[in-house]
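The structure appears right after this line, and notes come after that.
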Amino acid sequence: MGARLRLGVNIDHVATIRNARGEGYPEPLRAAELAIAAGADGITAHLREDRRHISDADIVALSDLCRRRGRPLNLEVAVTREMLDIALAQRPHAACLVPERREEITTEGGLDVVKGRAAIAPAVRALRDAGARVSIFVEASADQIAASADVGAAVVELHTGAYCEAVRHGDVARAQNELDRLRTAAADAVGRGMEVHAGHGIDYATVREVAAIPEVAELNIGHFLIGEAIFVGLQHAIGHMRALMDAARLDAMRSDSRT
Ligand code: PXP
């Protein structure tokens with residue numbers, strides 16, 4: 001079991017609320033500051049092609065904040081010329097390549113690295129050459145993990161959406177199957193020399209099993225935390241998530257040492 005599990009807080013949906021009114025508040029930058037104060041190990045933001053939440057100006061401000069506060073900014077972008085140019089100009093600590101369809105409500109699946117290899121490989125190279133740690137958001141499948149390693153990604157972020165959805169719908173068999181897939185993919189990725197992150201759809205009920213996967217080094221969590229912050233405040237929501245992650249890791253380590 002590796003070092004302390006990191007928590008990246010995705011603040012996109014603070015911008016979603018701001019943009020609903022076209023006003024300047026609530027500010028994603030303020031959320032990022034609070035998240036860091038509450039123990040976030042990094043800030044994640046997705047600059048979408050349609051700018052439905054995070055804006056170009058947000059990315060500039062977040063980059064500056066993260067640099068000043070010594071926390072990594074994980075910039076999620078689609079593999080397009082425009083997004084790569086922005087990422088190359090900002091030189092974030094980390095860049096996560098994600099699929100994007102304009103009509104989707106959220107990032108519905110992983111990037112198909114097998115099919116998109118020809119475009120993804122040079123994007124990974126360019127970002128890596130600019131000093132970014134490159135991750136690719138993928139489904140937990142052996143061929144996507146292998147292709148991610150082939151194109152030179154340092155990190156894969158496993159899409160946890162299917163697992164989380166199955167838990168929320170009470171589909172125990174599907175949840176177990178999805179969890180097994182995540183565990184297998186995580187071990188596979190580490191075996192190929194990559195770091196493993198995980199994210200999408202994680203809430204208090206689903207964080208435990210994902211955090212207990214020993215190969216996972218970082219979780220990226222957004223929508224649930226921002227929603228929960230409406231009721232209990234961002235610092236409390238992050239603090240509670242952090243505590244659940246730590247407890248899950250500790251339990252997993254204890255049961256590991258007993259076997
Ligand atoms: N990781 C990636 C790559 C994502 O695209 C997203 C959603 O933007 C997340 C993590 C966070 O997902 P959620 O907002 O459901 O917690």
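First listed ligand is number 1; within each ligand, the first listed atom is number 1.
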Ligand 1 to [X] polar contact by distance, N or O atoms, under 3.5 Å:
X	result
Ile202	no
Glu157	yes
Ile221	no

Can you check whether Ile11 reaches Ile54 side chain to side chain, under 4.5 Å on heavy atoms?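 Yes, side chains in contact.
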
Determine whether Thr206 and Thr160 make a side-chain contact, defined as any pair of heavy atoms from C-beta on separated by less than 4.5 Å.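 They are not in side-chain contact.
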
Minimum-distance protein heavy atom relative to [atom]:
atom	value
atom 5 (O) of ligand 1	Glu76 OE1, 3.1 Å
atom 15 (O) of ligand 1	Gly201 N, 2.8 Å
atom 16 (O) of ligand 1	Gly222 N, 2.8 Å
atom 11 (C) of ligand 1	Asn220 O, 3.8 Å

Does Glu195 reach the main-chain N or O of Ala154 with its side chain, forming a donor-acceptor pair under 3.5 Å?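 It does not hold such a pair.
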
Kindly list each side-chain donor-acceptor pair under 3.5 angstrom involving residues 69-77, sequence neighbours excluded, with atom names and distances?
{"unit_1": "Arg71", "atom_1": "NE", "unit_2": "Ala40", "atom_2": "O", "d": "3.1"}
{"unit_1": "Arg71", "atom_1": "NH1", "unit_2": "Arg69", "atom_2": "O", "d": "3.4"}
{"unit_1": "Asn74", "atom_1": "ND2", "unit_2": "Thr44", "atom_2": "OG1", "d": "3.2"}

Qualifying ring pair (Phe, Tyr, Trp, His ring centres under 6.0 Å) pairs with a residue from residues 81-127, counting only residues at least two apart or across chains: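 Listed by first then second residue: nothing to list.
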
Give the single entry among His197, His13, His223, His200 that approaches atom 6 (C) of ligand 1 most closely by any heavy atom.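 Ranked by closest heavy atom to atom 6 (C) of ligand 1, first place is His200.
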
Show which atoms of ligand 1 fall inside a sub-4.0 Å distance from at least one heavy-atom site of Val98.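 Heavy-atom distances to Val98 below 4.0 Å select 3 (C).
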
Report, in ascending order of atom number, the atoms of ligand 1 lying under 4.0 Å from any heavy atom of Asn10.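 Counting from 1, the qualifying ligand atoms are 8 (O).
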
So with a 6.0 Å cut-off around CZ of Arg168, is the heavy-atom count from everything else above 12?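 It does: Arg168 CZ has more than 12 such atoms within range.
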
Can you tell me how far CZ of Arg242 sits from CG of Leu7, rounded to the nearest 0.5 angstrom?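 If we round to the nearest 0.5 Å, Leu7:CG and Arg242:CZ are 6.0 Å apart.
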
